[in-house]
2 protein chains.
Amino acid sequence: MSVKERKERERAARERLIVAAARELAEQQGWDAVTTRRLAERIEYSQPVLYSHFRGKREIIGAVALEGAAELASAVRAATAAVNGPRERVAALARAYLDFAERNPAVYDAIFQLDGGLAYAQEDTPEQLKDAFAALMENLAEVAGDGIEPGLFTEVFWASLHGIATLTRTKRLLPEYAEARVELLVDRLAML
Amino acid sequence: MSVKERKERERAARERLIVAAARELAEQQGWDAVTTRRLAERIEYSQPVLYSHFRGKREIIGAVALEGAAELASAVRAATAAVNGPRERVAALARAYLDFAERNPAVYDAIFQLDGGLAYAQEDTPEQLKDAFAALMENLAEVAGDGIEPGLFTEVFWASLHGIATLTRTKRLLPEYAEARVELLVDRLAML
DNA sequence: CAGCGATTCTAGCATTGCTAGACAACCGAG
DNA sequence: CTCGGTTGTCTAGCAATGCTAGAATCGCTG
């Protein structure tokens with residue numbers, strides 16, 4: 001049954017190709033430009049092929065979101081691993097998070113803004129999303145403060161970062177305050 | 001020239017009708033359901049009429065956003081006016097803000113999520129948007145803390161509220177923490 | 001190498017935002 | 001009161017969108 005296995009490998013490879021193409025196109029020209037036709041053209045297949053891998057455009061966004069969530073998690077862990085001291089660790093986390101959002105706006109949107117048909121904060125939430133939240137909580141639990149549940153604190157800190165990330169990207173905040181916002185947020189929210 | 005005036009009044013009335021219909025439809029069925037055809041049908045005119053008032057769908061969203069921003073500003077002012085004590089005033093502001101976002105999700109999206117073709121944090125930013133920010137700053141300046149510019153503090157507090165509002169609405173945060181999040185945010189960010 | 005099953009494509013549907021050009025209504029002059 | 005012209009509105013249509021049915025083609029198996 002080697003033939004079947006080969007076909008499955010090829011199929012998986014093509015699926016990765018679709019996700020990669022969608023992501024690249026979205027980062028280059030925004031999600032609006034990610035149409036089924038353009039996507040099909042990029043992978044050099046016809047549109048119906050997309051629907052043999054994904055239920056629709058929404059699921060493709062979801063696939064990009066999962067890939068991105070895994071990257072966000074490791075970006076956060078990588079940025080905090082080598083840092084000594086809780087305060088600097090939290091600041092590094094905040095900068096890594098905002099940096100990821102700025103460098104991968106389309107992927108960030110796929111994870112947090114667009115509808116990728118994924119469940120959040122529930123049992124059936126995909127591993128990658130749970131793990132991204134876990135990566136935040138690992139570094140934030142130690143500064144949550146007495147009597148504050150780490151999960152609650154992480155939600156608030158995360159929401160603040162998310163607000164800054166999205167409002168910054170849509171040019172609703174003053175660029176010159178960027179660094180000061182992070183400092184203020186970390187100094188006030190984290191209990192040291 | 002009474003005829004001209006009458007026509008202008010009628011025109012203005014129809015414009016309000018369009019904005020109201022767009023808003024109502026968006027709140028009922030989401031912005032995706034706000035198509036030019038459905039909107040035209042609701043106001044009992046044909047689609048091209050919409051384009052004699054607005055450059056396109058984007059501008060209609062923008063009009064809803066401006067109307068909403070004015071309401072948000074007065075909602076915040078109304079909620080804080082009668083409250084004594086800085087801490088309770090800030091808490092009231094936070095609740096009023098989140099309440100507005102929850103009660104008018106489509107309008108909130110028009111203001112802060114969708115592209116209504118409006119400028120933000122600039123000179124040519126519409127009055128309504130500047131005033132909404134001002135309404136926040138009026139109540140937040142007193143708790144910014146020493147050496148922290150009110151504008152900076154307001155941006156951070158606002159971003160945090162925005163993050164909570166959007167993540168809550170897309171079911172990415174735990175509902176049971178809703179009240180605790182506000183308490184934590186106010187207690188930590190505000191300097192009392 | 002022939003036939004059959006899986007795969008991929010062509011072609012098309014309904015819906016979207018937006019626009020051109022035909023048509024009608026209405027105001028003001030004679 | 002009628003006619004001309006401006007102003008306003010509608011019908012019809014464009015290209016692009018997500019998605020799908022059915023034809024065509026490819027490649028494995030006997």
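Throughout, protein chains are lettered first and strands after them, A, B, ... in sequence-line order, and every chain is numbered starting at 1.
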Select from A/Arg37 and A/Glu44 the residue whose nearest nucleotide in DNA chain C is closer to the 5' end of that strand.
A/Glu44
Of the listed nucleotides D/dT17, C/dT19, C/dT8, the one nearest the side chain of A/Arg38:
D/dT17
Round to a whole Å and report the spacing from CZ of A/Arg58 to P of D/dC19.
9 Å
Is there side-chain contact between B/Glu102 and B/Thr168, with at least one heavy-atom pair below 4.5 Å?
no
Under 4.5 Å between any side-chain heavy atoms of B/Glu149 and A/Tyr177, yes or no?
yes
Has the side chain of A/Gln47 got a donor or acceptor atom sitting under 3.5 Å from an opposite partner on the base of D/dC19?
yes
Sugar-phosphate, base or nothing in reach of B/Arg14, heavy atoms under 4.0 Å
sugar-phosphate
Rounded to the Å, how far apart are B/Ile18 CD1 and D/dT9 P?
10 Å
Rounded to whole Å, please give me the gap between CD in A/Glu41 and C1' in D/dT17.
15 Å
Selection from C/dT8, D/dT11, C/dC18 that lies nearest to any side-chain heavy atom of A/Val49:
C/dT8
Given atom CG of B/Leu39 and atom C1' of C/dT15, what is their separation to the nearest angstrom?
16 Å
Look at the side chain of B/Glu155 and the backbone N and O of A/Leu174, then say whether any donor-acceptor pair between them is shorter than 3.5 Å.
yes
What integer distance in Å separates B/Leu50:CG from C/dT16:P?
13 Å
Hey, does A/Val143 have a side-chain heavy atom less than 4.5 Å from the side chain of A/Phe157?
no
Select one nucleotide: of C/dC9, D/dT9, C/dT16, the one nearest the side-chain heavy atoms of B/Ser46.
D/dT9
